[in-house]
Amino acid sequence: MPKITLPDGSQRDYDKPVTVAEIAESIGAGLARAALAGRVDGELVDTSFEVNTDAEVAIVTARDSDGLEVLRHSCAHLMAQAVQRLFPKAQVTIGPVVEDGFFYDFAFERAFTPEDLQAIEKMMQAIVKEDLVVQRSIMSRDEAVAMFKDMGEVYKVEIIEGIPGDEDLSFYRQGEFIDLCRGPHVPSTGKSATFKLTSVAGAYWRGDSNNEMLQRIHGTAWGSKKDLKLYLQRLEEAEKRDHRKLGKKLDLFHFQEEAPGMVFWHPKGWTIYLVIESYMRQVQNASHYQEIRTPQLVDYSLWEKSGHAAKFADEMFTVESDNRLYAIKPMNCPCHIQVFNQGLKSYRDLPLRLAEFGSCHRYEPSGSMHGLMRVRSFVQDDGHIFCTEDQIQSEVADFMDLLFAVYRDFGFDDVILRLSTRPQKRVGSDALWGDAEQALKDALNATGLPWELVPGEGAFYGPKIEYSLKDCMGRIQQCGTIQVDFFTPGSLGAHYIAEDNSKKVPVMLHRAVLGSFERFIGVLIEHHAGAMPAWLAPEQAIILNITDKQAKYCTQLQESLKNKGFRVSADLRNEKIGFKIREHTLQKIPYLLVVGDKEVESSTVAVRKRGGEDLGTMTFEDFCNHLSHDVSHFGRGEISAEQ
RNA sequence: GCUCGCAUAGCUCAGGCGGUAGAGCGCUUCAUUGGUAAUGAAGAGGUCCCCGGUUCAACUCCGGGUGUGAGCACCA
């Protein structure tokens, strides 16, 4: 007779096997109603699951993340059922849970329209009202194949045929709809009430671009109306922060048809860029990098030698001149090796760290471009460290220290670490790969931070670590990287004389902290909602006069502040002060300096922060100190609540 | 690159079952010199993305292209 232990430690005895639903019922009617699934000895199960031995049981509701996941998965089934009721010819494929929601891929003769989505949503509501019982059943593989063949569901047949052996498969039925699924699912369709279909778009069958394209309908589902509303608000907020919109509104940059995927930086956007560049230059100098500059156009033969042409020929821009073919460089490393190759190098020269703010062009697929985040022309804070195998670990460790310090200065405390290891197609011995992977693992472990292993995703020449930032919306943006390369230096003839007088090929570490300036600035804009911290703001302060009478004082003040190295403008237009305040607040300028007769008389300024906070009047000196103090703190620990 | 949308004034967007277009903001001019998120009035401003086709007539319909958005695929 089962003795059930509940999460709070209390125990209940039952005189016969009980289902999860019955356990919930015995605790309370409210819980029984809310029960979506159960967790029995750690395993997620349906509420119909029968417990016949002593077990730890938790009732899963929409309040916990497990419950939400079950709810979303069931919502995907609900949507598939609705689609098949409305469009019997539509075939079902897969329908997993994703962050905040779910999707289901269908094969259908025509595209679903937004009107179709509305109809589907309505049908889903109807099925919720019907409150169909969701029943689990087991079928053999052959039975299942026969059933789906009979239904004309060729994709399901393909899925099942791909499942090895003769293991039994579980199915979930609700009314006339049945789907292959591991489960668990909600006990009845009446449990999934709060959802919204959000979009329809193409998606390749099995994620392979050689396959036919299916139609993916995305939806979001929540445990309560309130949560759904919060989610939709979050989407709105993300849209407001979209760097493409803010870039236009704040006059930072633009794109135009004649140069797809290439940025026209405006004065304000370029100011941000330059501030970041000079900051990085200073950081790199302090970390013993030597900055260099290499050509944009390099004979194609170099890219053939380096191995890039073989792999990326389609993604390289080329230029023909004087019967020679050049590639516009897609990366900087081959050029850096040319610099390394000048003069004979000794082991005493290693590690040699070369850095370049290298401008690169890549022909990115048209569909992948996205504002500043993915462009065809970009600049990397690129660097290559030439070293011995023994030096890999300490160089990687030093780099990580530098990277974390930089990220902190930019206000990013949440960094996600991923190690990508040997891919199937690779160069170099397994022993070499083993050592390199171990060196990276050791460096990761030394941080004490959690990291993720991504097997098989390394570059063909070596393993890599990628560093992603989590912005204030929780979105993950890959920026930094360090990659171990055993191959390229040798292929381009790099060597040094070792202690034993032998000729050896150096290991090269490719590394970048920000990645591309373009992308990084895009991330910053969205993270700060355009309200850049003072050290990055293109205009740090603006002086506003009340009437013409103070114009001269304002101009003098502006000059004095400029001479101190601040980025300050003045708005002396014949407008009311309220109008000016509004306009420059919307332009997200950190400090608004109001000057009227009172300020002129007392040689002061009235300081207002962009958030609306009044700092009162202060002297020129006091304001300089205040701004200097703000600037010197970079963006550390900043939470950009200001709009 | 693939699927489906979208492209109208500097910006944000209306609009017409085919008869060359409109708002708000911005811009210019005039009045106003006003103390912390929008002063008032007048005016200027458009090859309705590009190239073809249908038509008496195309910004509107059809075909192609380019750019762009969402998603997929890709990302040295």
Side-chain angles (χ1 to χ4, degrees), chain A residues 98 103 105 108 110-114 116 198-218 242 244-245 248-249 251 254-261 303 306-316 329-334 360 362-371 373-376 380 457-462 464 466 478 481 483 485 487-488 510 515-516 519 544-551 572-587 592-599 606-614 617 643:
Chain A
V98 292
F103 67 76
D105 286 350
F108 190 45
R110 66 167 178 83
F112 291 120
T113 64
D116 290 337
T198 49
S199 71
V200 55
Y204 296 109
W205 167 236
R206 302 217 138 147
D208 186 336
S209 58
N210 296 312
N211 290 342
E212 65 274 32
M213 187 157 274
L214 308 172
Q215 292 188 69
R216 176 168 298 178
I217 303 181
H218 276 273
D242 189 317
R244 292 166 300 185
K245 284 197 171 170
K248 224 180 251 180
K249 236 185 225 166
D251 195 16
H254 85 271
F255 288 92
Q256 65 186 53
E257 278 197 29
E258 289 82 353
W303 306 102
S306 72
H308 291 101
K311 222 173 167 223
F312 297 106
D314 289 348
E315 285 79 38
M316 281 158 69
K329 67 175 169 184
M331 54 185 336
N332 305 298
C333 38
C360 297
R362 297 178 184 174
Y363 183 80
E364 300 285 357
S366 59
S368 69
M369 288 190 291
H370 180 90
M373 301 303 195
R374 187 89 177 262
V375 288
R376 285 184 175 159
Q380 286 174 307
E457 287 298 309
F460 69 95
Y461 49 66
K464 64 180 176 186
E466 289 190 331
Q478 199 245 305
T481 185
Q483 314 186 354
D485 187 349
F487 171 71
T488 319
H510 307 246
S516 101
R519 155 182 274 268
L544 316 174
N545 58 342
I546 303 280
T547 72
D548 288 345
K549 270 188 281 176
Q550 304 92 31
L572 307 180
R573 291 176 304 172
N574 175 13
E575 295 289 352
K576 291 192 166 183
I577 193 67
F579 179 86
K580 294 185 189 180
I581 297 266
R582 177 183 158 79
E583 212 164 65
H584 299 110
T585 300
L586 291 173
Q587 284 295 307
L592 308 184
L593 310 180
V594 177
V595 172
D597 287 338
K598 278 186 283 182
E599 285 75 21
V607 182
R608 177 188 161 113
K609 287 179 86 171
R610 81 185 136 202
E613 191 190 345
D614 184 1
T617 54
Q643 281 295 300

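The chains referred to below are lettered A, B, ... by the order of the sequence lines, with proteins before strands, and numbering in each begins at 1.
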Report yes or no: is there a donor-acceptor pair, N or O only, under 3.5 Å between the side chain of [X] and the base of [N]?
X	N	answer
A:Glu599	B:G35	yes
A:Asp597	B:G35	no
A:Arg362	B:C75	no
A:Tyr204	B:G1	yes
A:Arg216	B:C4	no

Q.
A:Tyr204: which residues meet the ring-ring contact (aromatic ring centres under 6.0 Å, His included) condition with it, sequence neighbours left out?
A. none
(Q) Please pick, from B:A37, B:A73, B:C2, the nucleotide with the shortest atom-to-atom distance to any side-chain atom of A:Arg608. (A) B:A37
Q.
Can you identify which nucleotide, out of B:A76, B:G67, B:G1, has its nearest atom closest to the A:Ser366 side chain?
A. B:G1
Q) Ring of A:Phe579 versus six-membered ring of B:A38: centres under 5.5 Å and planes under 30°? A) no
Q. If you measure from the C1' atom in B:A14 to the same atom in B:A7, how many Å do you get, rounded?
A. 15 Å
Q: Sticking with atom P, work out how far B:G43 lies from B:C56, rounded to a whole angstrom.
A: 41 Å
Mind checking [X] for me? I need base, sugar-phosphate or nothing, with any heavy atom below 4.0 Å counting as a touch.
X	value
A:Gly207	sugar-phosphate
A:Tyr363	sugar-phosphate
A:Glu575	base
A:Thr547	base

Q.
Suppose we screen for side chain to side chain donor-acceptor pair (under 3.5 Å). Which residues come up paired with A:Ser516, at least two apart in sequence or across chains?
A. none
Q: For the residue pair A:Tyr461 and A:His510, categorise the inter-ring angle as parallel (less than 30°), tilted (30 to 60°) or perpendicular (more than 60°).
A: parallel
N or O in side chain of [X] less than 4.0 angstrom from [N] OP1/OP2:
X	N	value
A:Arg244	B:A70	yes
A:Arg610	B:A37	no
A:Lys576	B:U36	no
A:Ser368	B:C74	no
A:Arg110	B:C4	no

Q. Using a 3.5 Å cut-off on both pairing distances, which stems of three or more Watson-Crick or G-U pairs include RNA chain B?
A. B:1-7 with B:66-72, B:10-13 with B:22-25, B:27-31 with B:39-43, B:49-53 with B:61-65
Q: Examine distances only and state if a side-chain atom of A:Gln550 and a backbone atom of A:Val594 form a donor-acceptor pair shorter than 3.5 Å.
A: no
Whole angstrom value for the distance that separates [atom2] of [N] from [atom1] of [X]:
X	N	atom1	atom2	result
A:Glu364	B:C2	CD	P	16 Å
A:Phe312	B:A76	CZ	P	5 Å
A:Asp251	B:C27	CG	P	13 Å
A:His254	B:C11	NE2	P	10 Å
A:His218	B:C4	NE2	P	17 Å
A:Met369	B:C2	CE	P	13 Å
A:Asp208	B:A73	CG	C1'	9 Å
A:Glu212	B:A73	CD	P	14 Å

**Q.** Along RNA chain B (nearest heavy atom to each residue), the more 5'-positioned of A:Cys333 and A:Lys598
**A.** A:Lys598
Q. So which one's nearest nucleotide on RNA chain B is more toward 5', A:Asp548 or A:His370?
A. A:Asp548
Q | Salt-bridge criterion met for A:Asp242 and A:Arg244 (N-O under 4.0 Å) | A | yes
